[in-house]
Amino acid sequence: RYHEALRTSFIWEEGEARQVIAPPPGKPLPVVDVSAIPEPRRTELMQRLTAELADHVFDIARGPLFLYQLLRMGERHHALVLNLHHLIADGWSLQVLQRDLFQVYRAFADKRPSPLPPLPFQPADFAWWQRRVYAVEGLGEQLAWWKQALTPLPPSPTLPIDQPRTGVLGLKTRHVDVKLPSGPTQALRMLASAAKASLSMILLAATNAMLYTYSGEDDQVITTTFAGRNRRELSGLVGLFLNMLPIRT
């Protein structure tokens, strides 16, 4: 009920995407009780049920784009599985959702009402406001600036690789975490402080230098994500506000 984005689907109408906000669902939280199954089969079943929910193919027009299921592992051990389509949530949203869930859970466990304050507005209100701003100011000046900044685009850096690329992008991806030891991390923070720059700026410069070392290309465009929540009212909303920001060096 609280976050309209979790009840939103999208239809294509008159050449534009439009939001459709469904009423709050009347059905209770679905619970699957696997507590009677002995280990390790119980954990294997939990992983399989979680994978099935994660592999769900969403219908963007019909919805819902938010799925949830509670797995009862034991009398005091439960697993809440959530699956949100990226159209209605970004990484920031997951932090908001977790925080709100914890607050509501504690209140309901103590038989208190929800402590969440009324939201100033919802993502649909923000979209309406943004359209009005662009209708008045127009996008022409902004588009002209970006076209000048990015035209012509430099070629992608030619990097040494150990296997030939197929040229076809697939859906399979891999997430690789790189953890720096405390020594280099502290040195980077000190360098950022001395240069009056953020740690992100220092790491971006290092990435540019690395790409130049391997490719020799001195004109590069690296694209990063921008949270898009540059207004205080957006900080407590679940929704997709991020945008892609190309940085040309």
Side-chain angles (χ1 to χ4, degrees), residues 1-10 20-120 122-123 170-182 185 225 227-229 234-242:
R1 289 199 306 269
Y2 195 62
H3 291 290
E4 286 184 357
L6 302 179
R7 298 183 272 116
T8 299
S9 54
F10 299 85
V20 178
I21 303 172
K27 58 183 179 181
L29 177 70
V31 180
V32 178
D33 192 343
V34 297
S35 59
I37 300 175
E39 290 286 12
R41 288 181 53 218
R42 185 193 312 163
T43 299
E44 293 173 354
L45 180 59
M46 181 193 74
Q47 293 172 344
R48 181 170 64 82
L49 293 173
T50 301
E52 289 177 357
L53 195 71
D55 290 339
H56 175 81
V57 179
F58 290 100
D59 187 330
I60 294 174
R62 294 183 59 187
L65 304 185
F66 173 48
L67 302 179
Y68 43 87
Q69 187 175 75
L70 188 70
L71 303 180
R72 189 173 190 269
M73 309 290 290
E75 184 177 354
R76 300 182 60 83
H77 182 199
H78 296 74
L80 178 63
V81 186
L82 308 176
N83 187 3
L84 298 84
H85 195 287
H86 210 341
L87 274 175
I88 63 169
D90 49 23
W92 188 302
S93 298
L94 301 184
Q95 300 176 43
V96 173
L97 187 60
Q98 185 180 45
R99 182 197 64 198
D100 291 351
L101 276 172
F102 285 168
Q103 291 190 45
V104 172
Y105 183 88
R106 292 191 188 101
F108 289 177
D110 295 336
K111 295 182 171 52
R112 292 184 287 110
S114 169
L116 300 178
L119 289 171
Q122 298 280 356
L171 296 177
K172 291 185 178 180
T173 60
R174 180 176 297 170
H175 183 186
V176 180
D177 288 322
V178 179
K179 295 184 179 181
L180 296 179
S182 58
T185 301
T225 52
R229 298 180 185 248
L234 302 178
S235 61
L237 290 184
V238 170
L240 178 63
F241 297 96
L242 69 83

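All residue numbers refer to positions in the sequence shown, counting from 1. This is a predicted model, so every value here is computed, not measured.
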Worksheet item: Rounded to the nearest 0.5 Å, what separation is found between the CG atom of Asp59 and the NE2 atom of His85?
Response: 10.0 Å
Worksheet item: Between Arg7 (side chain) and Arg1 (backbone), is there a donor-acceptor pair under 3.5 Å?
Response: yes
Item to complete: For residues Val238 and Ala89, report the shortest heavy-atom separation together with the two atoms involved.
Response: CG1-CB, 4.4 Å
Worksheet, complete the sentence: Interatomic distance, CZ@Phe66 vs CG@Leu84, rounded to 0.5 Å, equals 5.0 Å
Fill in: Residue list, salt bridge (Lys or Arg N to Asp or Glu O under 4.0 Å) with Asp33, at least two apart or on another chain
Arg72
Fill in: Interatomic distance, Leu45 atom CG to Thr50 atom OG1 [nearest 0.5 angstrom]
9.0 Å
Discussion item. Suppose we screen for side-chain hydrogen bond (donor to acceptor under 3.5 Å, both in side chains). Which residues come up paired with Glu52, at least two apart in sequence or across chains?
Written reply: Arg48
Worksheet entry | Nearest atoms (heavy-atom pairs only) where Pro115 meets Val104 | CD-CA, 4.3 Å
Discussion item. The criterion is side chain to side chain contact (heavy atoms under 4.5 Å, CB included); which residues satisfy it with His56, sequence neighbours excluded?
Written reply: Phe58, Leu67, Asn83
Discussion item. Restricting to side chain to side chain contact (heavy atoms under 4.5 Å, CB included), what partner residues turn up for Val32, sequence neighbours left out?
Written reply: Val34, Leu49, Gln69, Leu71
Worksheet item: Who are the side chain to side chain contact (heavy atoms under 4.5 Å, CB included) partners of Ser235, not counting sequence neighbours?
Response: Trp92
Discussion item. I'd like to check the side-chain hydrogen bond (donor to acceptor under 3.5 Å, both in side chains) partners of Glu39; sequence neighbours left out, ordered by chain and number.
Written reply: Thr43
Practice prompt. Find the distance between CD1 (Ile21) and CG (Leu6) and round it off to the nearest 0.5 Å.
Written response: 11.0 Å
Worksheet entry | Non-hydrogen atoms of Gly239 and Ser93 that approach each other most closely | O-OG, 2.7 Å
Discussion item. Treating Ser9 as the side-chain partner and Pro64 as the backbone partner, does any N or O pair qualify as donor plus acceptor under 3.5 Å?
Written reply: no
Worksheet item: Given the rule in the side chain to side chain contact (heavy atoms under 4.5 Å, CB included) test, do Met46 and Ile37 qualify, once you have shown the distances and angles that lead to the verdict?
Response: CA-CA 11 Å; Met46 181 193 74; Ile37 300 175; over 6 Å; no
Fill in: Contacts of type salt bridge (Lys or Arg N to Asp or Glu O under 4.0 Å), residue Arg229, not counting sequence neighbours
Asp90
Fill in: Selection residues 96-105 - residue pairs positive for side-chain hydrogen bond (donor to acceptor under 3.5 Å, both in side chains), sequence neighbours left out
His3-Asp100
Item to complete: Output all residues satisfying ring pair (Phe, Tyr, Trp, His ring centres under 6.0 Å) with Phe108, sequence neighbours left out; order by chain, then residue number.
Response: none
Worksheet entry | Any residue meeting side chain to side chain contact (heavy atoms under 4.5 Å, CB included) with Pro40, in chain and number order, not counting sequence neighbours | Glu44
Worksheet entry | By salt bridge (Lys or Arg N to Asp or Glu O under 4.0 Å) - contacts of Asp110 (at least two apart) | Arg112
Item to complete: Identify the two heavy atoms, one from Ile60 and one from Leu65, that lie closest to each other, and give their separation to 0.1 Å.
Response: CA-CD2, 3.8 Å
Discussion item. Quick one: does any side-chain atom of Gln122 pair with a main-chain N or O of Tyr2 as donor and acceptor, under 3.5 Å?
Written reply: yes
Worksheet item: How many angstroms lie between atom NE2 of His77 and atom CZ of Arg42, to the nearest 0.5 angstrom?
Response: 8.5 Å
